[in-house]
Amino acid sequence: MRYVPAVHLSLETLNGPQRDAVVHDKGPLVVFAGAGSGKTRVITYRIAQLIAQQGVAPYRILAVTFTNKAAGEMRERLSSLLAHDVHDIWVGTFHSTCARMLRRYHELCGVKRDFVIYDDADQKAMVTRVLNDFGFDDRRYDPKKVAGAINKAKQEVVGPESYPSNDAWTEVIKKVYTAYEERMTRSGALDFGDLIYRLVRSVESNELLKRELASRFDHILVDEFQDTNRVQFRLVKDLSEQKRNLCVVGDDDQSIYRWRGADRRNILDFRREYPDATIIKLEQNYRSTKKILRAAHSVVSRNVDREEKTLWTENAEGAPILVVRSADERDEAHLAVATAREVVHAGRKLSDIAIFYRIHAQSRVFEEALRAANLPYQVIGGTRFYDRAEVKDILAYLRVISNPDDDVSLLRIVNVPTRGIGKTSIDRVLDRAAKEATSVWATLEHIGDDASIASGTRKKLIGFVSMMNALRDKVAGGMGPAEVARAILEETAYQKALRDEDTPEADARLENIQELLGSMDEFENEAETPTLSAFLENVTLQTNTANDDSEDRITMMTVHAAKGLEFPVVFVGGLEEQMFPYHGYDAGDDPDELEEERRLAYVAFTRAREKLILSWAALRRVFGQPRINPRSRFLDELPRADIEEIGGAPSPSYASQRSSGWDDNSGYQRPWQHPQRSRSERPMMGTPRTSTTPARKSSESYIDRSEVEVGEDGIRMGMRVAHAKYGVGEVRGVTPGVPPKVTVSFPGWGTKQIVASFLEPA
DNA sequence: TCCGAATTAATTTTT
DNA sequence: TTAATTCGGA
């Protein structure tokens, strides 16, 4: 049977390489797709072409995207190309696709059909518990780092049994990893990494499953291939083994998930794995102006470890890139507001504007300014709705109802709202559960005969158990997720407890719960399988809450979240050293990290279609502490002819500010005095003050560059200083004030704020 | 065991 | 800076 497309595929609207990729027949194919080169169009056209021209059955096509959003968009685009059967195409993220397969073949994969998915917070809770069981100090063994090690092992398809232990640290990891896996199994839970790792292991160890899955798809397409990690590539290899119709699309310059195990070698060396692979390069950009492309290229091309390629465009030359100096982060936010107003004044919509930043923490100031200016906005990502405590509580109840062995969720809610089950009792229950190697729930079920627990507490625990059982019966009786949630609110007295609090915070929480109930109603109406476990899976794998595009508003997000998107006007904030390129406290001097930051800048810049505004602040408060950092090296890597500097020269060193005097009226504005007013005193986008910036030579290493003078009394970023008690450490920040303080990282002591006079150069 | 006060930790980036 | 956690007194 042949599937007929609703719309004729107008292949003639594609350029040469695009068309080649779309009509490529059989065998491995790698498409290097530069930013804005019509990548998504190629993938969707290719899928449509496979179905319409080659007669491939939709359900035999698997398209893997990086985010749920991208999956949704692909589906949408496909449905406009194909009349029907779009639904049968497997479109999803690695995680959702694997979850689906694991459920379908749960017996062969050795997982419970109703497994719950643990997010990072759940995983961390589980790791902490295991650490405590072993009596390991969770300050010495940071649960996050331990979890990171476990995740990394899974990315490399290394199970606990083959985890190498060569020293004290890895020995602990191996032990914890082993126990963690047992606990997870007992809890009927899989973490994010498991979804892919478990499927790969099952496929590779089980002939039956392998035969089934390796022949299931005629064509596999992977988007954003530069951000896949080892397991993911291996899975895709396994699944395409029989037909070898594997098409991967990506851009190594946009690889920004190295920290999550992404390996650019996957795309760069694809040919090594598939020597017969066809290579297609998409280098014509349809999105941005020439100036924007040149700027982006001139930054990313400084990377050493990179395939040289140059995007070109027939688009207009465009407006200069604005490089704007702000006094501080609030001033920067005002600049964003002024920019937005100007853009709207020029007849554009708010939704044409995006504000990007390196880290979420930067969003707050922008939000405040936009709210004050009455400009509607939306924030993508950040503290997610489903991360709110009250929402997690209700979800934890639902999860325990769906899967009582889910220890992490159970422990979260056993005393929420407070029902007199204290830490001591819980500890006793945990001990017993560990001894009996069962889940906490299983222990609770027969807690009545445990004489070591006070009879009053026992009664409370028994009451909890029967309450949960009653709720579970309702689900068994066919009650839908939303109604169950309402029953939970009533019967656990959760709602009542919040009402009794009668504080604005509690009201906000109640509102969030209402929103949760609303989204559950919506889920029940829209999902094809509106079951409780389907809802829970959706929640865990769904990142940003569905945002409707109907409203005209500014969009804010991290640069990571911006990948794959485009906006006519892009405002990037925080272009200072330490911020962007970001350099955290515990970060080393890793040139690879700097290269990734540069790719990140490349991604940010190439989102812009017409106008790109880059902003840096002379002073920025971090944790409420003012920090002075030089402007980002990336700004100095831009082609001078394509940019327009506004607001003055590169950050004056702290010392030179001093020498210019605190009370004079020289041009320099002291941001900490009148940050709000300074904005209007400066020309905005029109005639800029000519920059006096000498092109600064960017040095190779992080540390070198950050040793720009910002110090007080000769103290500089990155220099080594000595302290009587803490010994020698490295300067991580300078806080002006009386007395001036310095942030110093001391090996073995962590990061400390020290009054400058107690330090000596070392 | 509970509540408010005091301390201190937190910031990459996401599925 | 804010949010979470610990502390100390009832």
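All figures in this text were calculated on a predicted structure; none of them were measured in a lab. The chains referred to below are lettered A, B, ... by the order of the sequence lines, with proteins before strands, and numbering in each begins at 1.
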Would you tabulate the nitrogen or oxygen pairs shorter than 3.5 Å linking the protein to nucleotides 1-10 of chain C?
residue	atom	partner	partner atom	Å
C:dT1	N3	A:Phe623	O	3.3

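With both ends at atom C1', the span from B:dT12 to C:dT5 equals 23 Å, rounded to whole Å. Look at the P atom in both B:dT11 and C:dT6: the space between them is 16 Å, to the nearest Å.
The residues A:Lys39 and A:Glu224 are annotated as salt-bridged, a charged nitrogen and a carboxylate oxygen being separated by less than 4.0 angstrom. Taking 4.0 Å as the cut-off between side-chain N and carboxylate O, A:Arg306 and A:Asp253 count as a salt-bridged pair. We find that A:Arg264 and A:Asp592 are not joined by a salt bridge, their nearest charged nitrogen and carboxylate oxygen being 4.0 Å or further apart.
The phosphate of B:dC2 (OP1 or OP2) has no side-chain N or O of A:Thr418 nearer than 4.0 angstrom. The phosphate of B:dT14 (OP1 or OP2) has a side-chain N or O of A:His360 nearer than 4.0 angstrom.
Within 4.0 Å (heavy atoms only), A:Tyr257 reaches sugar-phosphate atoms of the nucleic acid but no base atom. Counting non-hydrogen atoms under 4.0 angstrom, A:Lys144 reaches the backbone sugars and phosphates but no base. Nucleic acid contact for A:Asp119: none, since no nucleic acid atom lies under 4.0 Å from a heavy atom of the residue.
Within 6.0 Å of the CZ atom in A:Arg230, the count of heavy atoms belonging to other residues, nucleotides or ligands does not exceed 12.
Atom CZ of A:Arg258 and atom P of B:dT13 are 17 Å apart (whole Å).
Listed nucleotides: B:dT14, B:dT12, B:dT11. Nearest to the side chain of A:Asp120: B:dT14. Distances were taken from every side-chain heavy atom of A:Ser425 (C-beta onward) to each of B:dT1, B:dT11, B:dT14; the shortest belongs to B:dT1.
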